[in-house]
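Input: a single structure, listed below in structure tokens.
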Amino acid sequence: MAKQITLFDFTLKKEEKEAKEPRKEEIPQIISNEERKKPKDWIREAEEGKTYFLLQVDYDGKKSKAVCKLYDKETQKIYILYDSTNHKPYFLTDIEPEKVNKISKIVRDPSFDHLETVTKIDPYTGNKIKLTKIVVKDPLAVRRMRNAVPKAYEAHIKYFNNYIYDLGLIPGLPYVVKKGKLEQVNPELKGEEVDEIKKAFADSDEMTKEAVNDWIPIFESEVPDVKRVAIDIEVYTPVKGRVPDPEKAEFPIISISLASNDGSKRVLVLTREDVNSQISKHDVTVEVFKTEKELLQRFFEIIVDYPLVLTFNGDDFDIPYIYFRSLKLNFKPEDIPFDVVNDEGKYLAGIHIDLYKFFFNRAVRNYAFEGKYSEYNLDAVATALLGMSKVKLDTLISFLDLDKLIEYNARDAEITLKLTTFNNNLVWKLIILLARISKMGLEELTRTEVSTWIKNLYYWEHRRRNWLIPLKEEILARSSQIKTAAVIKGKRYKGAVVIDPPAGIFFNVVVLDFASLYPSIIRNWNISYETVDVESCKNKEYVRDETGEVLHYICKDKPGITAVITGLLRDFRVKVYKKKAKSPNVSEEQRSVYDVVQRAMKVFINATYGVFGAENFPLYAPAVAESVTALGRFVITTTVGYCRSLGLQVLYGDTDSMFLWNPSKEKLEDIIKFVKSKFGLDLEVDKVYKFVAFSGLKKNYLGVYPDGKTDIKGMLAKKRNTPEFIKKEFNEIKQLVTTINSPNDIPKIKDELEAKIKDIYEKLRHKGYNLDELAFRVMLSKPLESYTKNTPQHVKAALQLKSYGVMVLPRDIIMFVKVKSKDGVKPVQLAKLSEIDVDKYVEAVRTTFEQLLKAFGINWSQFSTTSIDSFFNKK
DNA sequence: GCGGACTGCTTACCT
DNA sequence: ACAGGTAAGCAGTCCGCG
């Protein structure tokens with residue numbers, strides 16, 4: 001469900017709208033737990049000796065057991081396997097069993113099972129420590145008991161994850177069922193392949209070398225192309241601009257589309273009196289129903305054959321709507337293969353992935369897809385990744401002829417499916433790889449952020465080493481000291497260096513870049529929460545920032561867990577899979593698999609530094625984060641100094657990059673060698689520009705490659721909220737600029753620039769742009785009521801929309817124009833071209849183009865004898 | 001009571 | 001709920017002005 005606000009929301013006047021408000025119907029009755037779902041034969045139990053892919057682990061409350069959800073490639077169905085090891089929920093404490101025995105809140109609890117004494121390893125010292133394990137019958141009991149002991153360890157871990165750690169399971173890998181237990185099936189690799197991987201780790205420490213073997217199956221195991229079906233529903237909506245409330249489920253479901261990677265495409269549609277119900281030929285199977293109940297009945301019949309259901313925003317809309325609507329139509333709860341639990345749409349015959357949540361994930365967006373989409377509705381994501389969009393409508397869904405409705409509905413399911421199948425199943429493979437690395441089940445993985453993934457990976461690795469997972473307070477007691485002051489108010493420590501660039505055009509610019517700077521620092525300096533600022537350490541290395549001041553010290557006695565895992569992933573990525581992804585000896589399809597593998601690693605590698613500086617991360621260690629950025633500054637400052645000592649001009653640099661002006665090959669090699677020998681870091685030639693136009697601002701330039709392609713960074717012209725007409729005009733000017741080949745070409749371009757800007761100004765004055773082109777598009781980041789400190793313009797526009805009866809929600813993009821009226825803004829839907837405040841737009845044009853003009857050394861005041869000149873002089 | 005200087009808030013970007 | 005750094009535009013406040 002897209003949240004775009006469209007023009008036809010306003011075709012009715014306010015009064016009419018209120019008159020048409022439907023009467024409130026009763027919310028469906030709440031059903032008691034007993035009446036709820038009884039297990040159906042939708043899912044069978046796994047068979048002994050068969051091989052399955054582990055997709056996820058859940059807790060079955062009725063059987064009080066962990067249950068594995070498995071996929072069989074042959075039958076393409078889901079199977080379950082209950083725990084046969086008698087595994088139970090537990091937590092740990094550092095007091096003796098005798099003392100725990102005296103705590104009645106624990107031992108008198110009906111769920112209390114027994115106590116055990118266990119030995120764990122202290123991550124800080126490597127010493128063995130004795131702990132008491134409090135074993136219970138039910139995961140909820142841990143929550144009741146954990147406050148009854150002074151220190152409760154590992155008491156905040158979800159039970160099914162605890163099960164995964166204890167059994168060393170890796171979701172996404174193949175397993176064979178042996179004696180009722182899962183046994184990992186390793187991929188068969190050629191000798192040379194293994195040798196090649198081992199070679200990449202020849203210089204690593206023992207801890208890393210041991211771990212390499214365990215990681216190979218994660219990256220090399222085949223990813224099964226699980227059978228899946230994307231679904232999308234359309235609901236009759238008599239009220240304009242309002243999304244139906246799933247919990248009320250007041251209005252009929254008029255159409256459901258299904259699209260599967262087994263090749264089937266289907267639309268189930270309701271015949272209606274109120275619209276043209278003629279149905280012509282479609283390239284999908286169409287089934288027509290007289291009643292909504294029959295339609296849903298048929299839908300359930302089809303869907304339960306699928307092990308995996310995909311939706312776009314199904315957690316918040318499609319699944320709850322189907323569920324509550326079915327109850328309303330008197331389906332028995334046990335006949336509905338869906339449920340709604342904790343704001344999640346559950347699919348009871350298998351697994352449900354809500355792709356909206358996955359694509360919204362910041363790490364997925366930035367690291368895996370390199371920010372290719374910046375809005376998160378189906379249309380935007382599909383357009384960016386597939387080049388495919390939703391069917392455009394010029395009226396409400398409720399008014400569509402059935403033919404159009406079928407087409408529209410079918411497209412949505414098709415796009416949703418394609419989001420996982422395009423490019424050789426790239427997204428699907430990515431999800432599986434992320435699950436394997438994080439050791440998380442698919443449903444949890446696709447609904448949580450990267451910090452949860454990293455937490456889970458580290459917990460699993462702690463358990464594998466039999467390390468005790470320390471309490472947050474214990475980590476903070478050692479590594480909470482912060483010595484630097486952030487540049488930005490409100491931030492906790494100092495970050496990266498940004499070199500102030502000159503304004504101007506520079507030819508032959510080479511960009512050098514440290515390969516994964518922060519991850520490499522973590523690995524090379526052995527940084528981890530248990531190695532920074534710990535006493536009782538023999539070999540210490542001091543961390544200094546760029547001024548030479550000592551900030552922290554790192555213990556080199558033993559490898560740090562963060563350094564080992566980050567180093568491992570980094571080396572696998574750089575030395576093995578990035579190479580394989582480009583290797584000419586590998587088939588095109590295999591290359592794309594390796595590309596997914598390296599992208600999945602990138603997500604973890606790049607986010608690791610950040611999570612240690614994030615207060616809510618359970619292994620939060622500010623000293624770790626501060627050490628990383630300080631070393632980063634030290635490294636780049638030293639290297640910049642070295643470049644300058646070679647007589648080179650370093651024009652610009654940000655965090656891990658350096659823009660060198662016309663350097664010789666010899667000097668570049670010299671610098672790269674210097675960095676390798678001094679820091680053990682890899683410096684690479686990242687880009688070579690024909691020229692770079694610097695505006696003089698940081699994080700703001702236009703780089704042009706020899707072939708005329710461009711990189712625009714940070715400029716107003718590329719910001720989403722800049723009006724479309726400015727972007728369009730900027731693009732034309734950009735094309736002009738790319739034709740520059742030498743300084744001699746500049747004067748001519750200058751003249752053309754000047755002429756072009758005069759044109760824009762004239763066009764603006766004569767209302768030559770339409771309202772949509774003039775709109776600023778700004779995202780509402782929170783509910784309207786939460787803007788208490790001030791009222792920004794997009795909020796003013798949103799308030800006007802709201803008073804008009806249009807629902808406005810967080811993440812909606814508000815489109816508004818600047819006008820000469822009280823608020824100074826109006827939503828495009830309510831504005832007229834005649835009321836536009838031209839001065840404001842001239843100002844916006846000026847600031848946008850100034851960023852480019854400054855590179856050419858042009859000031860607005862330099863435009864002589866023009867109307868623009870006189871205009872700006874009076875400002 | 002008005003306007004410029006200033007701070008703070010908000011959004012969107014860069015690495 | 002990964003981090004900090006930079007920029008733009010506006011909202012709101014303070015202060016001086018005999």
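Protein chains get the first letters and strands the later ones, always in sequence-line order, with residue 1 at the start of each. For the numbers below, each heavy atom of this structure counts, side chains included, while hydrogens, waters and symmetry mates do not.
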Legend entry - Interatomic distance, A:Asp315 atom CG to A:Thr446 atom OG1 [nearest 0.5 angstrom]: 8.0 Å
Legend entry - B:dT15 OP1/OP2 closer than 4.0 Å to side-chain N/O of A:Ser657: no
Inset, instruction - Answer with base, sugar-phosphate or nothing: what part of the nucleic acid does A:Ala625 contact at a heavy-atom distance below 4.0 Å? - result: nothing
Inset, instruction - Just compare C:dG4, B:dC9, B:dA12 and give me whichever is closest to any side-chain atom of A:Met779. - result: B:dA12
Legend entry - Salt-bridge contact A:Lys699-A:Asp654 (side-chain N to carboxylate O under 4.0 Å): yes
Pairwise N/O distances under 3.5 Å, protein to nucleotides 3-7 of chain B:
none

Legend entry - For atom CD1 of A:Ile813 and atom C1' of B:dT10, their distance in whole Å: 15 Å
Legend entry - A:Lys789 side chain, from C-beta outward: closest of B:dC9, B:dC14, C:dG4: B:dC9
Inset, instruction - Kindly say if A:His794 contacts the phosphate of B:dT11, meaning a side-chain N or O under 4.0 Å from OP1 or OP2. - result: yes
Inset, instruction - Rounded to the nearest angstrom, tell me the gap between atom CZ in A:Phe612 and atom C1' in C:dA3. - result: 13 Å
Inset, instruction - Please state whether the rings of A:Trp453 and A:Phe604 are parallel, tilted or perpendicular, taking 30° and 60° as the class boundaries. - result: tilted
Inset, instruction - Just say parallel, tilted or perpendicular for the rings of A:Tyr493 and A:Tyr609, cut-offs at 30° and 60°. - result: perpendicular
Inset, instruction - Looking only at side-chain atoms of A:Asn721, point me to the closest of B:dT10, C:dG4, B:dA12. - result: B:dA12
Inset, instruction - Give the ring-plane orientation class for A:Tyr459 versus A:Tyr165, where under 30° counts as parallel, over 60° as perpendicular and anything between as tilted. - result: perpendicular
Inset, instruction - Starting at atom CD1 of A:Ile521, determine the distance to atom C1' of C:dA3, rounded to an integer number of angstrom. - result: 14 Å
Inset, instruction - Quickly work out the A:Leu799 CG to B:dT10 P distance and round it to whole Å. - result: 14 Å
Legend entry - A:Glu444/A:Lys439 salt bridge by N-O under 4.0 Å criterion: no
Legend entry - Separation of B:dA12 C1' from A:Ile814 CD1 (nearest whole Å): 16 Å
Legend entry - Carboxylate-amine/guanidinium proximity below 4.0 Å for A:Asp711 and A:Lys718: no
Inset, instruction - With heavy atoms under 4.0 Å as the rule, sort A:Tyr787 into base, sugar-phosphate or nothing. - result: sugar-phosphate
Legend entry - Nucleic acid footprint by protein, nucleotides 5-10 of chain C - heavy-atom cut-off 4.0 Å, B for base, S for sugar-phosphate alone: BBSSSS
Inset, instruction - Kindly assign one of parallel, tilted or perpendicular to the pair A:Phe679 and A:Phe634, based on the angle between their ring planes and the thresholds 30° and 60°. - result: perpendicular
Inset, instruction - Respond yes when some side-chain nitrogen or oxygen of A:Thr655 is under 4.0 Å from OP1 or OP2 of B:dT15, and no when none is. - result: no
Legend entry - Distance in angstrom units between A:Asp656 CG and C:dA3 P, rounded: 19 Å
Legend entry - Touch class at under 4.0 angstrom, heavy-atom based, for A:Lys782 against every strand present: sugar-phosphate
Inset, instruction - May I ask you to say what A:Ser374 touches in the nucleic acid, namely base, sugar-phosphate or nothing, with a heavy-atom cut-off under 4.0 Å? - result: nothing
Legend entry - d(OH, A:Tyr518; C1', C:dA3) in whole Å: 8 Å
Inset, instruction - Mind telling me whether A:Phe369 and A:Tyr373 have parallel, tilted or perpendicular rings, with 30° and 60° as the class edges? - result: tilted
Inset, instruction - Scan A:Arg362 against the nucleic acid and name what it touches under 4.0 Å (heavy atoms): base, sugar-phosphate only, or nothing. - result: base
Legend entry - Heavy-atom donor-acceptor pair, A:Tyr367 side-chain to C:dC2 base, under 3.5 Å: yes
Legend entry - salt_bridge(A:Glu530, A:Arg478) N-O dist < 4.0 Å: no
Inset, instruction - Please tell me which of the listed nucleotides, B:dT10, C:dC2, B:dC14, lies nearest to the side chain of A:Lys713? - result: B:dC14
Inset, instruction - Could you tell me whether the phosphate oxygens of C:dG4, OP1 or OP2, come under 4.0 Å of any side-chain nitrogen or oxygen in A:Arg492? - result: yes
Inset, instruction - Determine the interplanar angle of the A:Tyr701 and A:Tyr689 rings, folded into 0 to 90°, and report it as parallel if under 30°, tilted if 30 to 60°, perpendicular if over 60°. - result: perpendicular
Inset, instruction - Could you state the atom-to-atom distance from CG of A:Leu780 to P of B:dT11 in whole Å? - result: 7 Å
